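Quick note: numbers below take in every heavy atom, side chains included, and nothing from hydrogens, waters or symmetry partners. From a predicted model like this one, the values you see are computed outputs, not experimental measurements.
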Amino acid sequence: MGFARLGSASLLLDRGNPLFCPKKGPFGKCQNPGDSQFFGSGCMPPPGIGRPGAIGWASCWEAQTAGARFLTLLHMQETLSVRAARNPNSIGKDAIVRGWIRTRRDSKGGFSFLELNDGSCLANIQVVADAKLTNYESEVKQLSAGCSVTVRGEVKASGGKEQATEIHATELTVHGWADPEAYPLQKKRHSFEKLREWAHLRPRTNTFGAVARVRNRICKSIHDFFQEEGFLYLHTPIITASDCEGAGAMFRVSTIDPEKPPRTEQGVVDYQQDFFGRPAYLTVSGQLEGEIYATALGKIYTFGPTFRAENSNTTRHLAEFWMIEPEAAFFELPDNMALAERFLKRICRDVLADCGEDLQLFADHVDKTVLERLHNVVEHDFRRLSYTEAVELLKDSGKSFEFPIAWGSDLQAEHERYLTEEKFREPVILYDYPATIKPFYMRVNDDGRTVRAMDVLVPGVGEIIGGSQREERLDVLEARMREQHLNLDDYWWYRDLRRFGTVPHSGFGLGLERMVQFVTGMANIRDVIPFPRTPGNAEF
């Protein structure tokens with residue numbers, strides 16, 4: 001005898017008895033009684049009944065009365081997400097759905113309507129629970145927003161206008177209660193600023209659930225794109241001794257006791273006694289390490305957390321954020337610009353295809369231009385414009401900008417948005433910036449004044465990608481490092497890349513949160529990352 005357990009049902013399967021074998025029918029001999037293919041029993045279903053291993057059914061021949069045998073098909077309930085349960089294809093299924101109550105409405109007819117959400121989609125599934133449930137009075141009628149439940153019942157066609165299906169409950173189990181007097185997420189609208197105080201609960205709201213789903217889709221698109229383009233995924237260090245950007249705004253990593261730091265004879269902190277034997281920091285970029293692998297393996301990309309210790313409280317800055325940084329050998333600036341354009345178009349296409357319901361929420365309640373912006377990226381070629389040409393256009397615009405326009409100064413968000421939203425109404429790639437405002441690693445042009453830098457600007461956000469062709473000439477690189485007062489010895493390994501088989505190579509960085517902002521229209525970057533880290537705030 002053999003036992004196969006299916007949920008709460010145990011079926012007694014007689015694999016050796018030819019009368020009982022479900023593989024060959026009531027009179028067929030089981031050909032592989034030792035081969036465990038069907039829930040550990042070795043038995044297969046009779047012809048025309050399901051398929052081997054399908055969840056939700058089982059078959060066996062049992063003796064119901066002496067000398068009588070017949071086939072019993074046991075239907076098992078299938079666990080569905082709310083998204084799947086809302087699909088008309090699920091009508092007729094006996095289902096299990098789990099999630100959190102959004103609302104409850106009681107009818108005088110002796111039943112209640114429950115709105116249930118599990119995060120799989122924006123919309124809820126309506127559950128009809130009637131007084132026949134054993135816990136209807138004691139529990140169902142006490143449910144409120146935030147309570148967690150499991151519902152068992154049949155998926156039926158709904159008569160409601162905004163839903164194709166609903167579940168008629170045959171059983172409802174309450175897992176956790178939420179006191180309506182204490183639970184902060186009630187039906188009234190809460191400001192995004194207020195919801196930041198409840199970052200542990202805000203993903204239960206429509207907006208932040210949608211942000212999380214869109215962010216997830218963007219992340220998948222990023223990996224899909226680079227894998228399909230032949231890039232290798234590289235993990236660069238989070239702890240580093242190199243300041244890639246040369247800005248100095250880095251978080252220090254140390255095990256030294258700040259109350260009693262060891263000191264040299266000169267009275268300064270002796271970092272040789274620290275954990276790493278030298279000053280160490282949280283990375284601001286994985287680019288420099290990425291170049292090591294790009295100059296050996298051809299094309300790589302990084303995707304990880306980066307950190308900036310800037311004391312900035314703007315809607316565009318975080319102390320901890322996620323960066324995507326591809327690096328490719330034998331890529332010059334035009335190749336880099338083309339890659340960035342393909343990359344952004346791919347993300348926007350995927351989000352439009354797979355996140356329609358969530359995007360409509362943002363278009364209706366956050367930023368009505370969201371869908372137009374995404375289609376704009378997908379459907380238009382990106383305009384390419386030199387920094388010098390952009391400065392002249394800004395000077396001739398007749399606009400009164402808060403920050404004056406002058407060649408040699410960095411462009412501000414207001415300048416970038418004018419170019420993308422008013423002048424051209426499409427994405428723009430600016431290139432060939434003044435060398436004085438860019439980092440040491442960018443390749444110097446023949447004019448000696450500009451470097452092969454590029455910024456991709458999009459409507460609604462401004463700069464979303466920054467990159468460059470890297471300086472592959474050792475003498476020029478070292479001269480640039482001296483100009484920026486960098487210690488060449490600290491970058492000995494980076495200089496070696498130019499000494500041993502140097503090649504033209506390029507790369508760029510995309511801030512994930514900036515991309516999520518662009519796609520969703522969310523105005524504050526703190527609302528597109530699960531737990532924002534900003535000056536004075538490391539909660540949760």
Item to complete: Report yes or no: does R202 contribute a side-chain atom to a donor-acceptor pair with the main-chain N or O of P530 at less than 3.5 Å?
Response: yes

Item to complete: Quick one: closest heavy-atom pair of N206 and R213, and the distance?
Response: O-NH2, 4.4 Å

Fill in: K345 side chain to H380 backbone, donor-acceptor under 3.5 Å
yes

Worksheet item: Would you call the rings of H223 and Y233 parallel, tilted or perpendicular if under 30° counts as parallel and over 60° as perpendicular?
Response: perpendicular

Practice prompt. Indicate yes or no: does R383 engage D381 in a salt bridge with an N to O separation below 4.0 Å.
Written response: no

Worksheet item: Checking D118 side chain against V97 main chain: does a donor-acceptor pair fall under 3.5 Å?
Response: no

Fill in: Residues, nucleotides or ligands: over 12 heavy atoms within 6.0 Å of R346 CZ
yes

Practice prompt. Evaluate side chain to side chain contact (heavy atoms under 4.5 Å, CB included) for F231 paired with I300, printing each intermediate quantity in order.
Written response: CA-CA 5 Å; F231 283 69; I300 63 91; 5.5 Å; no

Discussion item. For R217, is there an ion pair with D350 - N to carboxylate O distance below 4.0 angstrom?
Written reply: yes

Worksheet item: Are the side chain of S81 and the backbone N or O of A84 linked by a donor-acceptor pair below 3.5 Å?
Response: yes

Worksheet item: For the residue pair A210 and L361, what are the closest heavy atoms and their distance?
Response: CB-CD2, 3.7 Å

Worksheet item: Do the side chain of T420 and the main chain of E416 share a donor and acceptor less than 3.5 angstrom apart?
Response: yes

Worksheet entry | Residue pair N313, R526: steps toward the side chain to side chain contact (heavy atoms under 4.5 Å, CB included) verdict | CA-CA 10 Å; N313 278 292; R526 303 177 193 202; 3.3 Å; yes

Discussion item. If we check salt bridge (Lys or Arg N to Asp or Glu O under 4.0 Å) with E513, which of these qualifies: R316, R215, R533?
Written reply: R215

Discussion item. Could you walk me through whether F307 and F321 satisfy the ring pair (Phe, Tyr, Trp, His ring centres under 6.0 Å) test, starting with their C-alpha distance in whole Å, then the side-chain angles of each, then the deciding distance to 0.1 Å, before giving a yes or no?
Written reply: CA-CA 6 Å; F307 308 86; F321 54 99; 8.0 Å; no

Item to complete: Check the side chains of E325 and S285 for a donor-acceptor pair under 3.5 angstrom, ignoring hydrogens and angles.
Response: yes

Fill in: Step-by-step salt bridge (Lys or Arg N to Asp or Glu O under 4.0 Å) determination, R152 to D94
CA-CA 7 Å; R152 291 173 171 82; D94 290 325; over 6 Å; no

Discussion item. As an exercise, state the distance from CE of M250 to OG1 of T306, rounded to the nearest 0.5 Å.
Written reply: 10.5 Å

Practice prompt. May I ask you to decide if E539's main-chain N or O and N537's side chain share a donor-acceptor pair within less than 3.5 Å?
Written response: yes

Worksheet item: Could you walk me through whether I464 and L457 pass the side chain to side chain contact (heavy atoms under 4.5 Å, CB included) check?
Response: CA-CA 6 Å; I464 198 167; L457 317 179; over 6 Å; no

Worksheet entry | L512/C219 under side chain to side chain contact (heavy atoms under 4.5 Å, CB included): CA gap, chis, key distance, verdict | CA-CA 8 Å; L512 174 62; C219 291; 3.8 Å; yes

Discussion item. Using only atom types and a distance under 3.5 Å, with no angle test, would you say the side chain of R308 pairs donor to acceptor with the backbone of V284?
Written reply: yes

Worksheet item: Any salt bridge between E115 and R102, counting N to O under 4.0 Å?
Response: no

Practice prompt. Examine the side chains of Q227 and Y301 and answer whether a donor and an acceptor come within less than 3.5 Å of each other.
Written response: yes

Worksheet item: So, S107 side chain and G110 main chain: donor-acceptor pair closer than 3.5 Å or not?
Response: no

Worksheet item: Can you say whether the rings of W198 and H190 are parallel (under 30°), tilted (30 to 60°) or perpendicular (over 60°)?
Response: perpendicular

Worksheet item: Parallel, tilted or perpendicular for F508 and F343, by the 30°/60° rule?
Response: tilted

